[in-house]
Amino acid sequence: MNTIRKREELGPNVTRYVIDAPLVATHRKPGQFVIVRVSDHGERIPLTIADADPELGTISLIVQSVGKTTREMAMLRSGDAIHDVVGPLGRPTHLQQFGTVLCVGGGIGTAPLYPIAKAMKEAHNHVITILGARTRDLLILEDDMRRVSDELIVTTDDGSYGTKGLVTDAIRALVGGGTHIDQAVVIGPPLMMKFTSLLTKELGIPTMASLNPIMIDGTGMCGGCRVTVGGEMKFACVDGPEFDAHKVDWDSMIRRLGTYRTEEKTAAERCDHECRIGLGTRGPEWILPTD
Amino acid sequence: MDTADRLKLPPVVMPEQDPTERIHNVREVPFGFTPAMALQEAQRCLHCVNQPCVDGCPVGVRIPDFIRTIESGDYIAGIGIIKQTNLLPAVCGRVCPQEDQCQKSCTVGKTHRDPGQAVQIGQLERFLADWERENHTAVIPQIPPASGKRVAVIGSGPAGLTVAGDLIKLGHAVTVFEALHMPGGVLGYGIPEFRLPKEIVYAEVSYLTRLGVDFQYNTVIGKSLTVDEVRNDYDAVFIGSGAGLPNFLGIPGESLLGVYSANEYLTRANLMHAYDENSDTPILRGKSVAVLGGGNVAMDSARTALRLGALGVTVIYRRSEEEMPARKEEYHHAVQEGVEFSFLQNPLEILGNPDGWVTGLTLQKMQLGEPDASGRRRPLPIPGQTGSVSADVVIVAIGNNPNPLIPAALPSLQMNRHGGIVTNEETMETSVPGVFAGGDIVLGAATVILAMGQGRKAARAIHAWLTKTADLERN
Ligand SMILES: Cc1cc2nc3c(=O)[nH]c(=O)nc-3n(C[C@H](O)[C@H](O)[C@H](O)COP(=O)(O)OP(=O)(O)OC[C@H]3O[C@@H](n4cnc5c(N)ncnc54)[C@H](O)[C@@H]3O)c2cc1C
Ligand SMILES: Cc1cc2nc3c(=O)[nH]c(=O)nc-3n(C[C@H](O)[C@H](O)[C@H](O)COP(=O)(O)OP(=O)(O)OC[C@H]3O[C@@H](n4cnc5c(N)ncnc54)[C@H](O)[C@@H]3O)c2cc1C
Ligand code: SF4
Ligand code: FES
């Protein structure tokens with residue numbers, strides 16, 4: 001059981017949790033994640049460690065409510081507990097002094113990007129950050145990101161804030177204006193990562209992406225998180241989650257994320273219904289109905 | 001009763017759930033013997049002087065001695081005899097490949113020239129263990145005064161549980177670190193409920209907890225704690241991290257939607273309870289399921305698929321029925337339940353539709369050639385003979401390799417070329433002093449009883465090591 005110390009809404013459907021997890025707090029490095037189970041009948045879902053306080057023994061997670069589990073999590077309050085938290089999992093980000101590092105975050109991807117940008121800054125890089133969101137309300141962590149970046153550019157699809165356009169437009173403008181970039185890091189929705197990576201490949205900028213396939217154990221045991229990188233099968237939970245973006249088979253990864261679309265929709269609807277009528281969710285039942 | 005009379009007794013037929021009914025539930029298939037049935041089966045034992053069954057048991061359980069207690073009705077004594085060498089009889093009685101071990105050499109089977117006629121040792125073992133659990137008679141043994149020594153056990157599979165149980169009873173403090181949120185290793189996440197009810201595994205764990213073993217779940221050694229931290233904090237370390245690294249075939253199509261490793265499929269179903277339609281963890285309920293492989297893992301996957309509503313399940317194996325490594329009982333149950341078998345077929349490619357969903361497989365017809373290194377006849381492709389089958393879920397069940405997490409975190413560990421940890425055969429000590437290992441992380445994917453056997457050896461050696469270091473400290 002891991003107690004929630006603090007809970008804060010960062011935007012519509014985005015919540016920051018500060019959670020007791022002393023071992024994770026003292027052992028984690030940027031780029032790593034945890035797997036949580038919200039309740040004793042819950043699903044195991046991976047979440048990036050957005051920040052940690054080793055002294056207090058806490059970690060922060062920034063979560064977007066997209067389906068049943070993340071919505072259930074959003075109903076928890078300060079003082080409530082998360083049933084299981086395991087980590088830190090995955091390989092830490094490869095950090096070095098590259099020179100100029102471009103950090104590109106899309107939507108909720110800004111949360112996992114933050115610890116990496118911070119670490120890149122601490123590794124004496126010149127950090128340029130581009131944050132993209134559909135609209136102003138969906139932009140998160142702008143101030144935190146500004147603090148760890150030398151330059152910050154915001155794009156919104158609808159032009160409600162920052163520059164109107166996509167992150168790829170901002171990258172083109174930046175490079176077109178003569179900025180030299182030694183390394184790029186991109187985290188966001190898979191399609192955004194795919195198109196950013198196609199562009200940086202064209203521009204010859206080495207790029208790292210943090211992949212978010214469906215996971216269960218996070219220890220390399222199930223192979224569910226497999227992705228194809230450079231023609232080889234990799235398990236994102238132990239070999240990643242960061243990979244050379246130019247070598248990732250994006251289409252296969254994006255397709256696999258949709259494996260349970262039908263089941264997820266049903267679960268979310270059930271959650272909506274049960275949350276509304278106050279039933280909570282049903283625990284697992286071992287015996288199948290014999291109809 | 002004399003030998004001739006005993007030899008006339010037919011094997012007691014184990015009552016089981018009807019196949020047509022059981023494929024709609026996940027309850028255990030065999031119901032277990034009643035005391036009357038157990039008595040009747042026990043009477044079939046000849047109490048051979050040379051005890052070939054004991055030689056066939058990897059841990060040397062005193063088989064005829066415990067069988068005698070069933071005849072005399074002294075079940076408590078019987079369970080005591082088994083537990084001297086086997087910590088988890090309720091598990092082993094259910095999952096051990098007895099037909100290749102104790103029962104294979106049983107004199108009764110030999111006399112009848114039919115191994116199927118052997119005394120049903122596993123069922124008798126299960127009977128005693130279930131009787132003990134159901135009657136709450138598991139006694140908390142007298143534990144010697146605390147030795148002041150602390151042992152870390154990595155992994156809560158059968159190897160780790162055995163080490164923990166043995167060492168706590170010798171007065172050492174034991175902490176078991178488990179990566180998952182539940183204990184048991186493969187017993188918890190892999191072997192299905194209908195073959196090994198999880199209640200049994202959890203009862204064994206709660207017994208160890210009562211003895212004082214400390215279980216730390218959600219703790220991945222090498223990640224949540226470094227191996228060095230564990231070595232510094234504890235006087236000895238046992239690595240029982242298992243063979244949790246699924247193999248894939250390396251053929252085209254393994255990334256298609258609907259292709260699972262058996263580990264993922266079984267983990268979703270067992271550990272995450274995806275059997276239940278209301279579980280938060282989804283699983284694809286295929287209508288026609290193809291399972292690739294021929295071992296227990298393949299049988300478990302196939303039988304699970306039926307219980308998840310598949311209308312047709314086919315096991316595709318590249319050798320013939322004869323070479324199949326699965327336990328006879330599992331194969332037999334699978335056939336009864338309607339699983340189909342396609343032998344001498346080797347998958348060449350997994351096929352999909354434009355949306356990326358699996359639609360079937362291309363198969364190469366095989367024939368058996370000369371025996372290979374494993375002694376089994378090598379399957380060879382018959383040129384020009386390929387075919388295809390359709391499937392909406394494909395489960396790859398072609399085995400597992402040792403989990404590389406701990407070896408990667410402790411580079412000074414000497415490893416063999418299969419990714420297993422090299423150990424001293426007698427003491428299970430690794431190349432790193434004070435670090436012991438056993439079970440699948442040493443053997444590769446093996447069996448529960450071999451994992452327990454190595455755990456027991458390691459516990460003995462760890463105790464000796466701790467006693468020796470204690471003596472050195474005193475002097
Ligand atoms: C390494 C990694 C780090 C992540 N970090 C964050 C983070 O910091 N903040 C955040 O909000 N989200 C993060 N995610 C995504 C997050 O895990 C999913 O949003 C979450 O699992 C959705 O669960 P749900 O039940 O609420 O939604 P569902 O309705 O079940 O699913 C919504 C979508 O999430 C994906 N998803 C579902 N189950 C899983 C699963 N078990 N593992 C991975 N993806 C799944 C599916 O593609 C699905 O389309 C991360 C994912 C990975 C792999
Ligand atoms: C589906 C299936 C069916 C089987 N059927 C049979 C059968 O019928 N009969 C039989 O005898 N055998 C069977 N086996 C094989 C048998 O289950 C294994 O040989 C046995 O479980 C090995 O035991 P173990 O203790 O070595 O490891 P495991 O049971 O694999 O347990 C290892 C544990 O260590 C944990 N772990 C790994 N790394 C770490 C880490 N870094 N930190 C903390 N914890 C860690 C894992 O999460 C796991 O819980 C089957 C196997 C499978 C997969
Ligand atoms: S070999 Fe068979 S008959 Fe002989 S003692 Fe063992 S179980 Fe009994
Ligand atoms: S999540 Fe199971 S292997 Fe990566």
Side-chain angles (χ1 to χ4, degrees), chain A residues 2 21 23-24 27-28 32 34-35 37-44 68-69 72 83-90 216-224 226-228 233 235 238 249 251-253 255-256 258-260 262-264 266-267 270-271 281-291, chain B residues 21 24-27 179-181 189 193 197-198 216-220 223-226 229 241-242 244-248 250 254-258 260-261 263-268 271-285 307-309 355-357 396 400 403-405 408:
Chain A
N2 303 68
L23 287 185
V24 183
H27 290 81
R28 74 102 205 189
Q32 290 186 297
V34 289
I35 286 187
R37 229 165 48 109
V38 173
S39 65
D40 72 349
H41 56 85
E43 187 178 8
R44 294 171 64 98
K68 177 158 196 281
T69 306
E72 257 177 14
H83 207 278
D84 301 288
V85 176
V86 55
L89 301 170
I216 309 181
D217 58 298
T219 65
M221 179 271 278
C222 76
R226 63 191 184 277
V227 288
T228 309
M233 184 189 289
F235 290 179
V238 285
D249 180 342
D251 294 338
S252 158
M253 197 203 91
R255 270 204 303 264
R256 284 181 61 81
T259 305
Y260 301 107
T262 319
E263 289 79 2
E264 282 154 6
T266 322
R270 201 170 62 230
C271 172
T281 40
R282 278 180 62 193
E285 190 183 293
W286 277 103
I287 310 304
L288 295 173
T290 45
D291 52 8
Chain B
E21 195 175 301
H24 298 292
N25 67 55
V26 294
R27 288 185 297 261
L180 295 172
H181 59 269
Y189 74 72
E193 177 79 9
K198 300 309 141 204
Q216 295 290 329
Y217 299 109
N218 297 312
T219 312
V220 186
K223 296 278 180 188
S224 314
L225 284 169
T226 65
E229 281 173 308
S241 54
L245 177 69
N247 292 331
F248 283 88
E254 283 183 304
S255 293
L256 290 167
L257 283 71
Y260 283 110
S261 78
N263 278 8
E264 179 180 2
Y265 192 72
L266 293 170
T267 300
R268 284 182 181 272
L271 183 74
M272 306 310 297
H273 299 191
Y275 275 126
D276 179 4
E277 307 235 11
N278 293 309
S279 163
D280 285 355
T281 303
I283 195 163
L284 295 173
R285 292 166 179 261
R307 285 158 174 79
L308 288 170
D355 294 331
W357 287 91
V396 182
N400 289 299
N403 188 318
L405 259 174

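All chains are named by letter (A, B, ...) in the order of the sequence lines, taking the proteins before the strands, and each is independently numbered beginning at 1. In this text the structure is predicted, and so the values were computed from the model without any measurement. No hydrogens, no waters, no symmetry mates; every other heavy atom, side chains included, goes into these values.
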Tell me the closest heavy-atom pair linking [X] and [Y], and the distance in Å.
{"X": "A:Thr219", "Y": "B:Val220", "result": "CG2-CG2, 4.3 Å"}
{"X": "A:Ser252", "Y": "B:Ser255", "result": "OG-CB, 3.7 Å"}
{"X": "B:Lys223", "Y": "A:His27", "result": "O-CB, 3.6 Å"}
{"X": "A:Cys222", "Y": "B:Ser261", "result": "O-OG, 2.5 Å"}
{"X": "B:Trp357", "Y": "A:Gly258", "result": "CZ2-O, 4.4 Å"}
{"X": "A:Gly223", "Y": "B:Phe248", "result": "O-CZ, 4.2 Å"}

If we only count heavy atoms from C-beta on, is the [X] to [Y] side-chain gap below 4.5 Å?
{"X": "B:Thr219", "Y": "A:Leu23", "result": "yes"}
{"X": "A:Arg44", "Y": "B:Met272", "result": "yes"}
{"X": "B:Asp280", "Y": "A:Glu72", "result": "yes"}

Can any side-chain N or O of B:Asn218 pair as donor or acceptor with the backbone N or O of A:Asp84 at less than 3.5 Å?
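A pair under 3.5 Å: no.
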
Can you tell me if A:Arg37 uses its side chain to pair, donor with acceptor, with the backbone of B:His181 under 3.5 Å?
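Judged by distance alone, no pair lies under 3.5 Å.
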
Interface moiety of [X] toward chain A, non-hydrogen atoms closer than 4.5 Å:
{"X": "B:Leu245", "answer": "both"}
{"X": "B:Glu229", "answer": "side chain"}
{"X": "B:Asp355", "answer": "backbone"}
{"X": "B:Leu266", "answer": "neither"}

Considering only heavy atoms, which portion of [X] lies under 4.5 Å from any heavy atom of chain B: side chain, backbone, both, or neither?
{"X": "A:Val85", "answer": "backbone"}
{"X": "A:Arg255", "answer": "both"}
{"X": "A:Glu263", "answer": "side chain"}
{"X": "A:Gln32", "answer": "side chain"}

Roughly how far, to the nearest 0.5 Å, is NE2 of B:His273 from CD of A:Glu43?
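If we round to the nearest 0.5 Å, A:Glu43:CD and B:His273:NE2 are 13.5 Å apart.
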
Rounded distance [0.5 Å steps], CG in B:Leu271 versus CE in A:Met221:
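It comes to 6.5 Å.
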
At a heavy-atom distance under 4.5 Å, which candidate from [options] has the highest pair count against chain A?
{"options": "B:Ala408, B:Gly244, B:Ala179", "answer": "B:Gly244"}
{"options": "B:Gly242, B:Pro246, B:Gly258, B:Gly356", "answer": "B:Pro246"}
{"options": "B:Ile283, B:Thr281, B:Leu257, B:Asn263", "answer": "B:Leu257"}
{"options": "B:Asn403, B:Leu284, B:Leu405", "answer": "B:Leu284"}

For B:Tyr260, ring pair (Phe, Tyr, Trp, His ring centres under 6.0 Å) partners two or more places apart:
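B:Tyr260: ring pair (Phe, Tyr, Trp, His ring centres under 6.0 Å) contacts with B:Tyr265.
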
